[in-house]
Amino acid sequence: MVDFTLTDEQKDLRELAHSFADKEMRKVAWEYDVDGTWPQDVIDKAFEVGLMNTHIPEAYGGPGLDYLSGCIIEEEIGWGCSGIGTSLMANGLASAPVTLGGSEETKKKYLGMLTESAKLASFGLTEPDAGSDVSGMKTRAVKQGDKYILNGSKCFITNGTYADWFTVFAKTDPDSGHRGISAFVVDANAAGVTVDKKEDKMGQRASNTATISFNDVEVPAENLLAEENKGFKLAMMTLDRTRPGVAAMATGIARAAFEFSVEYSKERVQFGVPIAMHQAIQFMIADMSTKVDASRLLTWNSAVLLDQGKRASLISSEAKRFAADSAMEVTTDAVQVYGGYGFIKEYPVEKLMRDAKIMQLYEGTSQIQRLVIAKEVLLPRAVDDLPGADEMAAKASEQSQSDQAAATV
Ligand SMILES: Cc1cc2nc3c(=O)[nH]c(=O)nc-3n(C[C@H](O)[C@H](O)[C@H](O)COP(=O)(O)OP(=O)(O)OC[C@H]3O[C@@H](n4cnc5c(N)ncnc54)[C@H](O)[C@@H]3O)c2cc1C
């Protein structure tokens with residue numbers, strides 16, 4: 001049984017996030033989208049009111065919120081502006097491997113950095129030749145005494161230009177595919193770290209996406225997360241926990257498009273009646289409403305399973321896949337409801353359609369989610385409970401994922 005009754009605290013969080021999205025994000029969202037303006041002012045305000053770093057445990061200065069609360073916040077943030085939202089929420093992706101696999105000292109230092117002031121961290125997995133198939137990554141970390149020497153390049157890194165530290169995945173055993181990957185925390189100001197390129201994007205233009213290069217970067221050995229060659233497992237455990245958040249953000253985008261469409265369909269008159277009177281429009285609105293609600297249900301289901309300590313790979317991927325594809329469909333239909341005006345930048349829905357596209361791409365494309373779902377359905381794993389950080393290293397040695405589905409994000 002899953003109980004979706006929100007606590008008073010969760011209702012307050014939703015109210016806080018909604019009000020923030022309405023007053024602080026929407027007022028600049030369309031303007032920042034035009035030039036891809038970096039939303040530092042919004043980030044500072046979100047940090048002040050407690051809408052960032054929501055999953056960092058209290059021991060390291062965070063609020064240690066549950067996954068359902070995180071998803072409630074992310075839907076509102078996505079409703080406000082998913083471009084700014086992606087930059088607000090990327091600390092969650094970067095910090096999850098640290099929470100799961102970092103030593104006490106590493107957690108204090110790097111998680112503490114994020115909770116003391118409005119600092120940012122990035123998650124560095126993707127490379128030019130290794131996207132869905134991360135086993136093809138070329139970044140190398142070679143141990144030399146009490147440090148690792150890091151060389152390579154990561155692309156499409158959210159907040160890369162502004163991050164104070166990165167979680168970087170690199171090969172420590174290049175002949176072992178995804179079993180030869182390790183994860184490290186790397187300081188952005190370490191010698192040899194450079195930001196090479198800021199991407200000019202179709203949507204989510206206020207978020208920062210950059211290429212980061214590592215040239216003979218010295219990483220202290222204590223910055224290794226978990227154990228050597230357990231980085232892939234750590235990345236998969238991270239994505240199981242962050243995909244519900246992406247699904248929530250996609251739900252927020254779809255909800256925004258749905259609400260704009262309902263409003264517009266009642267105002268726009270054609271053939272002597274509001275277009276909402278035409279059944280073709282009503283059916284689009286009906287499908288939008290259904291997709292928004294179904295996306296939220298799958299998202300909350302995945303979050304609640306994580307909160308119950310259950311392994312949630314299947315439902316996290318189902319939520320992310322469904323909510324992302326639904327956001328694309330709903331925003332496309334929203335443009336249709338607006339007719340020609342939907343295609344014009346002066347109206348709100350074309351931005352939502354552009355923003356929605358990335359939901360089907362990052363943190364695993366919709367095709368990759370289907371691979372994970374099919375694998376979980378056809379070859380279900382026996383272990384039901386989610387291993388904690390301490391258990392992870394032990395369990396990681398029993399590599400239980402098949403190569404095809406496992407080697408993809
Ligand atoms: C704006 C933005 C922000 C991002 N942020 C980050 C970040 O912060 N950190 C990070 O590490 N990465 C980030 N990424 C990278 C993102 O996760 C990858 O782009 C994504 O995983 C896909 O990889 P790729 O682009 O190399 O596409 P490819 O892997 O080259 O895929 C191309 C196409 O082939 C399909 N495909 C590939 N393999 C299969 C298969 N086995 N079966 C069926 N279809 C397949 C894909 O679904 C896709 O349609 C970001 C990307 C963008 C655009």
Close side-chain approach of Met353 to Met202, heavy-atom, < 4.5 Å: no
Result of checking Gln10, His55, Gln308 against Asp66 for side chain to side chain contact (heavy atoms under 4.5 Å, CB included): Gln10
side-chain contact (heavy atoms from CB on, under 4.5 Å) against Val262, all qualifying residues, sequence neighbours excluded: Phe258, Lys266, Ile285
For Val186, the option from Asn223, Ile212, Val168 that meets side chain to side chain contact (heavy atoms under 4.5 Å, CB included): Val168
May I have the list of side-chain donor-acceptor pairs in residues 144-153 shorter than 3.5 Å, sequence neighbours left out?
unit_1 : atom_1 : unit_2 : atom_2 : d
Tyr148 : OH     : Glu228 : OE2    : 2.6
Asn151 : OD1    : Asp216 : N      : 2.7
Asn151 : ND2    : Asp216 : OD1    : 2.9

All pairs passing ring pair (Phe, Tyr, Trp, His ring centres under 6.0 Å) where residues 91-129 contributes a residue, at least two apart: Tyr110-Trp165, Phe123-Phe169
Partners meeting side-chain hydrogen bond (donor to acceptor under 3.5 Å, both in side chains) with Lys11 (sequence neighbours left out): none
Side-chain (Asp187) to main-chain (Asn189) donor-acceptor, under 3.5 angstrom: no
Any residue meeting salt bridge (charged side-chain N to carboxylate O under 4.0 Å, His left out) with Arg370, in chain and number order, not counting sequence neighbours: Asp325
Side chain Thr115, main chain Gly112, donor-acceptor under 3.5 Å: yes
Donor-acceptor side-chain pairing of Ser182 and Thr172 below 3.5 angstrom: yes
Pairs involving residues 29-49, ordered by first then second residue, that meet ring pair (Phe, Tyr, Trp, His ring centres under 6.0 Å) (sequence neighbours left out): Trp38-Tyr162
Sequence neighbours excluded - ring pair (Phe, Tyr, Trp, His ring centres under 6.0 Å) pairs with any residue from residues 333-362: Tyr264-Tyr338, Tyr341-Tyr347
Heavy atoms of other groups near Glu267 CD, more than 12 under 6.0 Å: yes
Contact list for residues 189-202, test salt bridge (Lys or Arg N to Asp or Glu O under 4.0 Å), sequence neighbours left out: Lys197-Glu199, Asp200-Arg205
Side-chain touch Leu297/Phe4, heavy atoms, less than 4.5 angstrom: yes
Close side-chain approach of Ile373 to Arg321, heavy-atom, < 4.5 Å: yes
Nearest non-hydrogen partners of Ala130 and Gly136, listed with the distance: CB-C, 3.6 Å
Heavy-atom side-chain proximity of Glu222 to Glu105 below 4.5 angstrom: no
Carboxylate-amine/guanidinium proximity below 4.0 Å for Asp287 and Lys291: no
Qualifying salt bridge (Lys or Arg N to Asp or Glu O under 4.0 Å) pairs, either residue in residues 248-262, two or more places apart: Glu75-Arg255, Glu76-Arg255, Arg255-Glu259
Distance-only side-chain donor-acceptor flag, Thr242 / Glu363, under 3.5 Å: yes
Qualifying salt bridge (Lys or Arg N to Asp or Glu O under 4.0 Å) pairs, either residue in residues 42-61, two or more places apart: Glu24-Lys45
Selection residues 116-127 - residue pairs positive for salt bridge (Lys or Arg N to Asp or Glu O under 4.0 Å), sequence neighbours left out: Glu127-Lys154
side-chain contact (heavy atoms from CB on, under 4.5 Å) involving Asp129 - partner list, sequence neighbours excluded: Lys138
Side-chain touch Ile84/Ile77, heavy atoms, less than 4.5 angstrom: no
Separation between OG1 of Thr139 and CZ of Phe214, rounded to the nearest 0.5 Å: 7.0 Å
Check: Glu376 and Arg311 side chains under 4.5 Å, non-hydrogen atoms: yes
Side-chain H-bond candidate by donor/acceptor type, Asn159 with Ser87, under 3.5 Å: yes
Cationic N near anionic O, under 4.0 Å, Glu227 to Lys233: no
Heavy-atom check, side chain of Pro39 versus side chain of Val28, under 4.5 Å: no
Candidate pair Glu350 and Ile344, rule side chain to side chain contact (heavy atoms under 4.5 Å, CB included), full reasoning: CA-CA 7 Å; Glu350 65 84 35; Ile344 305 297; over 6 Å; no
Side chains of Asp240 and Met236 in contact at under 4.5 Å (non-hydrogen atoms): no
Any donor-acceptor pair under 3.5 Å from Ser103 side chain to Thr106 backbone: yes
